[in-house]
Amino acid sequence: MEEIVEFFECDECSNRDFERVYNFSLRFHKVNFSDDLIYDKLVEEIYLCTNCQKRFTKQEIEEGLDKIKKKYRKG
């Protein structure tokens, strides 16, 4: 059986190398039973194209990989 390898590529420059970048933040909000603020810690994972610096979310990468899978399943 023939093997096919296809990579997710940046849609701006067709590069296929990415670096992972993290953003850390706190989201503060009130709750009904207290005047004190509570917070949630958020970590956002971003993938940065090493050539053109375009940013992709993890979801965008997964959607791109799903398109590649569908291309070969149909065909």
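Computed from heavy atoms alone, side chains included, the values below leave out hydrogens, waters and symmetry copies.
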So for atom NZ, which belongs to Lys58, do other residues, nucleotides or ligands contribute more than 12 heavy atoms lying within a distance under 6.0 Å? no
In the structure I gave you, are the side-chain heavy atoms of Glu6 and Lys71 within less than 4.5 Å of one another anywhere? yes
Answer yes or no: is there a side-chain heavy-atom contact under 4.5 Å between Ile38 and His29? yes
In terms of hydrophobic clusters joined by side-chain contacts under 4.5 Å, are Ile4 and Ile68 together? yes
Out of curiosity, Leu42 CG to Ser25 OG, how far, rounded to the nearest 0.5 Å? 4.0 Å
State, to 0.1 Å, how close Glu9 and Arg16 come at their nearest heavy-atom pair, and which atoms those are. CG-CB, 4.3 Å
What distance do Glu45 atom CD and Asn23 atom CG have between them, rounded to the nearest 0.5 Å? 10.5 Å
Kindly indicate whether the side chain of Asp40, heavy atoms from C-beta on, has any atom under 4.5 Å from the side chain of Leu26. no
Taking C-beta and beyond as the side chain, do Lys30 and Leu37 meet within less than 4.5 Å on heavy atoms? yes
Is Glu63 close to Lys67 at the side-chain level, that is, under 4.5 Å between some pair of heavy atoms? no
If you round to the nearest 0.5 Å, how far is CD1 of Ile46 from NZ of Lys54? 12.5 Å
Using every non-hydrogen atom in the two residues, find where Glu19 and Thr50 come nearest and quote the distance to one decimal. CG-CG2, 3.5 Å
Could you pull out all residues at least two apart from Phe24 that satisfy ring-ring contact (aromatic ring centres under 6.0 Å, His included)? none
Please indicate whether Phe28 has more than 12 foreign heavy atoms, meaning atoms of other residues, nucleotides or ligands, lying under 6.0 Å from its CZ. yes
Would Leu48 and Gln53 count as a side-chain contact (heavy atoms from CB on, under 4.5 Å) if you check the C-alpha gap in whole Å, the side-chain angles of each, and the deciding distance to 0.1 Å? CA-CA 5 Å; Leu48 189 66; Gln53 308 299 302; 3.4 Å; yes
Please identify each residue that fulfils side-chain contact (heavy atoms from CB on, under 4.5 Å) with Ile61, with sequence neighbours left out. Phe8, Tyr47, Phe56, Leu65
